[in-house]
Amino acid sequence: MTTRKRIAVLVSGNGSNLQAIIEHQQAHPHLYEIVLVISNRPNAYGLVRAQNANIKTKVIDHTMYENRESFDKELQKSIDEMEVDLIVLAGFMRILTTGFTEHYLGKMLNIHPSLLPKYTGLHTHKRAIEAGDKKHGLSIHFVTPELDGGPVILQAEVDIDPKDTEETLAEKVHIQEHNAYPLVVEWFAKGKLLLKGNQAWLNQKCLNTPVLLNDLN
Ligand code: GAR
């Protein structure tokens, strides 16, 4: 029997991506196990979602730490205690230190609500609308020390309609996020997805361009 990959999910808020990954796990229990959900915010709804699924939770409140280094050190200790194979950032709104990202190089994924390299950082939906873009979307990437800058594995595009607001666009992106993230986590859990050097590899092929979810459907 192959052992299931052990996953920690880090959240800061609503946790709808966490929910999608939990539901995917429940539908395919042999694929992976979510062994820990950590939030830097005590009132994050993602913690409730985890508890409802009987997953161990931990709050590491960043406001209680003097600096990023001491917060990340505690985060790393809690993750390493659980001997995880993969860390999934799912709406985890903290900038991570270089040391932390290097410790988990090739073992940490992030989802970002834009078609990277466009719009790193915050307010991505608003910025895409204000720029007059016709398309927006999401990117899932390996985490490296560069903020939102690691090799992109998969993107999903959504159309921006003239009537779209920041809220309606965010909703469209969220729907695609919930399709995309479980799929990429599954690839990793099956050993199909790797980081080699500064490139993502899927099914033993180097991803010179990210997979486009729209092409898979
Ligand atoms: C998601 O849209 C995710 O892409 C974004 O936060 C949201 C979390 O939603 N992440 C970032 O902006 C990271 N830079 P959720 O809590 O409902 O999963």
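Computed from heavy atoms alone, side chains included, the values below leave out hydrogens, waters and symmetry copies. First listed ligand is number 1; within each ligand, the first listed atom is number 1.
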Run the contact test for Q19 against ligand 1 with a 4.0 Å cut-off on heavy atoms, strictly below, and give the result.
no

Checking side chain to side chain donor-acceptor pair (under 3.5 Å) against H125, which of E171, K172, E166, H136 comes through?
H136

Look at atom 12 (O) of ligand 1 and say which protein heavy atom is nearest, naming residue and atom and giving the distance to 0.1 Å.
P113 CD, 3.3 Å

Is it the case that ligand 1 has an N or O less than 3.5 angstrom from some N or O of N110?
no

Would you say the side chain of P113 lies within less than 4.5 Å of the side chain of H174, judging by non-hydrogen atoms?
no

Within the 3.5 Å criterion, strictly below it, is a donor on D72 or H103 matched to an acceptor on the partner's side chain?
no

Any nitrogen or oxygen of G15, main chain or side chain, under 3.5 Å from a nitrogen or oxygen of ligand 1?
yes

At what distance is the nearest protein heavy atom to atom 9 (O) of ligand 1, and which residue and atom is it?
H174 NE2, 3.1 Å

According to a 4.5 Å side-chain heavy-atom criterion applied to Ile, Leu, Val, Met, Phe, Trp and Tyr, with indirect links allowed, do L194 and Y181 form part of one hydrophobic cluster?
no

Any idea which protein heavy atom is nearest atom 10 (N) of ligand 1, and the distance to it?
I111 O, 3.5 Å

Do Y32 and V88 have side chains that approach each other closer than 4.5 Å (heavy atoms only, starting at C-beta)?
no

Any idea how F71 and F92 line up, ring-wise: parallel (<30°), tilted (30 to 60°), or perpendicular (>60°)?
parallel

Considering heavy atoms of the protein only, find what lies nearest to atom 17 (O) of ligand 1 and give residue, atom and distance to 0.1 Å.
S16 OG, 2.5 Å

Backbone or side-chain N or O of D148 under 3.5 Å from ligand 1 N or O:
no

Non-hydrogen side-chain atoms of H178 and N17 separated by less than 4.5 Å:
yes

Under 4.5 Å between any side-chain heavy atoms of I22 and N52, yes or no?
no

Any atoms of ligand 1 less than 4.0 Å from a non-hydrogen atom of M93? List them with their elements.
11 (C), 12 (O), 13 (C)

What protein heavy atom is closest to atom 4 (O) of ligand 1, reported as residue, atom name and distance in Å?
E177 OE2, 2.5 Å

Would you say V11 contacts ligand 1, with heavy atoms under 4.0 Å as the rule?
no

Minimum-distance protein heavy atom relative to atom 14 (N) of ligand 1:
H112 ND1, 3.3 Å

State, yes or no, whether a side-chain contact exists between L195 and P151 at a heavy-atom distance under 4.5 Å.
yes

for atom 6 (O) of ligand 1, nearest protein heavy atom and its distance come out as G91 CA, 3.7 Å

